[in-house]
Amino acid sequence: MRSDIGFIGLGVMGRPMALNLARAARAGTGLVVWNRTAAKCEPLRAAGATVAASPAEVCRRARVVFLMLADGPAIDSVLGRGTPAFAANVAGCVIVHMGTTSPGYSRGLEADVRAAGGGYAEAPVSGSRGPAEAGELVAMLAGTPDAVDTVRPLIGPMCRESFDCGPVPNALLMKLSVNLFLITMVTGLAEAFHFAGRHGLDEHRLRDVLDAGPMASTVSRAKSHKLVHRDFAVQASIANVLDNNRLVAEAARDAGIASPLLDVCHALYGETMALGHGEADMAAVVRSIESRTEAERAVTPRRSPSPPPTRAPR
């Protein structure tokens, strides 16, 4: 009988999430992990987890398998979807999709997993590397009531709060809604710092004003720090955000929904990627805004301020 918990995908988000699971593991319930790059498993081994030789071994041993993977092809590969191994891998366990893919992909994966005798739930999370390390992520859950009830108590070490969103793919649609706000907010923040800096204002003071005001948030504080110090060490990369932007835009188009702000952000993140900042944090979107300013100044000479109007003599 499968008794362990499985975790596959130990990247920027997955590794701290799995470490929190390992530290909270109860007696009799082991954590089994696998990652394509084997060296990333070593911190988990040190924390008491078992490192599997293959994704199939994780599936054989675990009653619940968490997947924190980059995209649909990565998920299909580790589960053996489209091959005879798929049914053996997923039958009898609950597959939990914690990454971000298109809602349509998730709907199809649920159908295939359930047809093969397994359970399926979505549990995408809101938060970046910092909240992942602190176990402060927010989870959105979707699936059948039985699947969600199985998953909810297990995500506690990773997430401080969870919200039921109904059937698949509602959790992913909720995540895309959250991401739309996140992307446009961080882009606006970057433009505000660019605007202030080009007017000669003290960016540290701008950060202080924002932190003290009603618009302050965990995200604004973290990204303001990055913008002030030009510290673009990755929490959520430009490449990852660009991919998420694409997923939101596609879901909007499929539903006939306008997304004007998101479309502008897509262009800016694409330009940042083209400038060579794909692996930098999303706050580096300011680089594309700076580039646009320089391009505009190259073709439009800077105008001197207009003199104040003079009054006609009375």
Side-chain angles (χ1 to χ4, degrees), residues 1-15 17-18 21 29-42 44-45 49-125 141-144 146-148 150-151 154-155 167-173 175-176 239-240 243-244 246-247 250-251 254:
M1 179 179 179
R2 300 173 179 181
S3 61
D4 293 334
I5 304 300
F7 200 104
I8 297 175
L10 304 175
V12 170
M13 293 289 290
R15 182 163 64 173
M17 292 166 68
L21 278 179
T29 300
L31 178 67
V32 185
V33 303
W34 182 87
N35 192 75
R36 191 177 303 276
T37 303
K40 292 185 177 181
C41 296
E42 293 311 309
L44 273 298
R45 193 195 304 274
T50 298
V51 177
S54 66
E57 181 184 347
V58 176
C59 292
R60 283 196 304 270
R61 298 181 58 165
R63 59 189 175 90
V64 176
V65 177
F66 293 101
L67 305 177
M68 193 61 178
L69 297 164
D71 51 30
I75 294 172
D76 293 345
S77 175
V78 301
L79 294 179
R81 192 177 181 204
T83 75
F86 178 74
N89 287 336
V90 304
C93 68
V94 177
I95 302 299
V96 187
H97 176 19
M98 299 194 79
T100 307
T101 62
S102 73
Y105 169 84
S106 185
R107 187 186 291 113
L109 180 59
E110 180 194 37
D112 288 351
V113 169
R114 293 181 65 184
Y120 180 83
E122 294 174 342
V125 294
L141 300 173
T144 63
D146 286 349
V148 170
T150 298
V151 172
L154 298 177
I155 63 175
V168 171
N170 281 8
L172 273 169
L173 286 168
K175 174 65 187 295
L176 295 183
N240 180 254
D243 189 56
N244 275 261
R246 175 186 59 80
L247 291 173
E250 288 175 354
D254 289 345

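Fair warning: this is a prediction, and the values are worked out from it, not measured in the lab.
- For N170, the side chain to side chain donor-acceptor pair (under 3.5 Å) test picks out no residue, with sequence neighbours left out.
- F66 places a side-chain heavy atom less than 4.5 Å from the side chain of I155.
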- Could you walk me through whether L67 and L79 pass side chain to side chain contact (heavy atoms under 4.5 Å, CB included), step by step? CA-CA 10 Å; L67 305 177; L79 294 179; 4.0 Å; yes
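- E122 places no side-chain N or O within donor-acceptor distance of the main-chain N or O of V168, the cut-off being under 3.5 Å.
- One finds a salt bridge joining R45 and E42 here, because a Lys/Arg side-chain nitrogen approaches an Asp/Glu carboxylate oxygen to under 4.0 Å.
- Scanning both residues, V78 and R36, for their nearest heavy atoms gives CG1-NH2, 4.4 Å.
- With sequence neighbours excluded, the residues that form a side chain to side chain contact (heavy atoms under 4.5 Å, CB included) with V148 are L141, R152, D164.
- In the displayed structure, R114 atom CZ is contacted under 6.0 Å by at most 12 heavy atoms of other residues, nucleotides or ligands.
- Side-chain N or O atoms of S77 include none that pairs as donor or acceptor with a backbone N or O of P73 at under 3.5 Å.
- For the residue pair A91 and A116, the shortest heavy atom distance occurs at CB-O, 3.3 Å.
- The CG atom of D4 sits 12.5 Å away from atom CZ of R60, with the distance rounded to the nearest 0.5 Å.
- The neighbour count for R246 CZ, taken as heavy atoms of other residues, nucleotides or ligands under 6.0 Å away, is above 12.
- Between the side chain of D76 and the backbone N or O of R81, no donor-acceptor pair lies under 3.5 Å.
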- Message: Let's go through L44 and F7 carefully: what are the C-alpha distance in whole Å and the side-chain angles of both, what is the deciding distance for side chain to side chain contact (heavy atoms under 4.5 Å, CB included) to 0.1 Å, and is it a yes or a no?
- Response: CA-CA 10 Å; L44 273 298; F7 200 104; over 6 Å; no
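- Here CG of N89 is found 7.0 Å from OG1 of T83. Values are rounded to the nearest 0.5 Å.
- Put simply, the side chain of N35 gets close to the backbone of L10: a donor and an acceptor are under 3.5 Å apart.
- A tilted orientation is assigned to the rings of H97 and Y120, their planes being inclined by 30° to 60°.
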- Item | Audit row: T101, L69, side chain to side chain contact (heavy atoms under 4.5 Å, CB included) steps and yes/no | CA-CA 9 Å; T101 62; L69 297 164; over 6 Å; no
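- A121 and A147 get closest at one heavy-atom pair: CB-CB, 4.2 Å.
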